[in-house]
Structures are given as structure tokens and as C-alpha cells.
Amino acid sequence: MNAASAEERAQINQELKDLYASLPEDEKVIFNEELQKFLTTEVGRIKSDYESVSGLNGPN
């Protein structure tokens, strides 16, 4: 999300895939749960930001 380029984003994604692959199965469950929490929070934040900004274009 904060990568400066597509190349950097690909590198970060590969690092995460490698990290995930190295985890024992029980830790993969925890990783997935934490990732879901993170993504849910970020999507909510982005939605809120979008609604705040898009509201500026509407009638007051």
C-alpha cells in the first residue's frame, strides 16, 4: 500500500509470502486472523476518508 513503485510492491509481497511459508501451521492461523483484522481496519479507514472527501463535492 505504501510502496513507491510496482517493483517495491512486488518485493514486499514476496517477502510476506516467504515469511508466511516459513511459519508453522498454527502460526499461519494467527497470521491470517491478524491480517484480516488489519485489512478490515484499513478498509474502514479508507472508506471513512473517501466519504469525508466525497462529501466535499456535494451540496451543503
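In this chain, residues are counted from 1 in sequence order.
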**Student:** Keeping the roles fixed (side chain from Thr41, backbone from Lys37), state whether a donor-acceptor pair exists under 3.5 Å.
**Tutor:** yes

**Student:** Looking at residues at least two apart in the chain, or sitting in another chain, which of them share a side-chain contact (heavy atoms from CB on, under 4.5 Å) with Ile12?
**Tutor:**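 In terms of side-chain contact (heavy atoms from CB on, under 4.5 Å), with neighbours along the sequence ignored, Ile12 is linked to Ala3, Glu8, Leu16.
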
**Student:** Distance from Lys17 atom NZ to Gln14 atom CD, nearest 0.5 Å?
**Tutor:**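 Atom-to-atom, Lys17:NZ and Gln14:CD are 6.0 Å apart.
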
**Student:** Could you give all pairs that pass the ring pair (Phe, Tyr, Trp, His ring centres under 6.0 Å) test and reach residues 10-29, with sequence neighbours left out?
**Tutor:**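 Residue pairs with at least one partner in residues 10-29: Tyr20-Phe31.
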
**Student:** If two hydrophobic side chains count as joined below 4.5 Å and joins carry through other members, does Leu23 share a cluster with Leu39?
**Tutor:**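 Same hydrophobic cluster.
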
**Student:** Are Gln36 and Asn32 close enough that a side-chain donor and a side-chain acceptor fall under 3.5 Å?
**Tutor:** no

**Student:** Applying a strict under-4.5 Å side-chain criterion to I, L, V, M, F, W and Y, I'd like to know whether Leu19 and Leu35 cluster together.
**Tutor:** yes

**Student:** Identify whether the distance between the nearest side-chain nitrogen and carboxylate oxygen of Glu51 and Lys47 falls below 4.0 Å.
**Tutor:**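 A salt bridge is present here (some side-chain N lies under 4.0 Å from a carboxylate O).
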
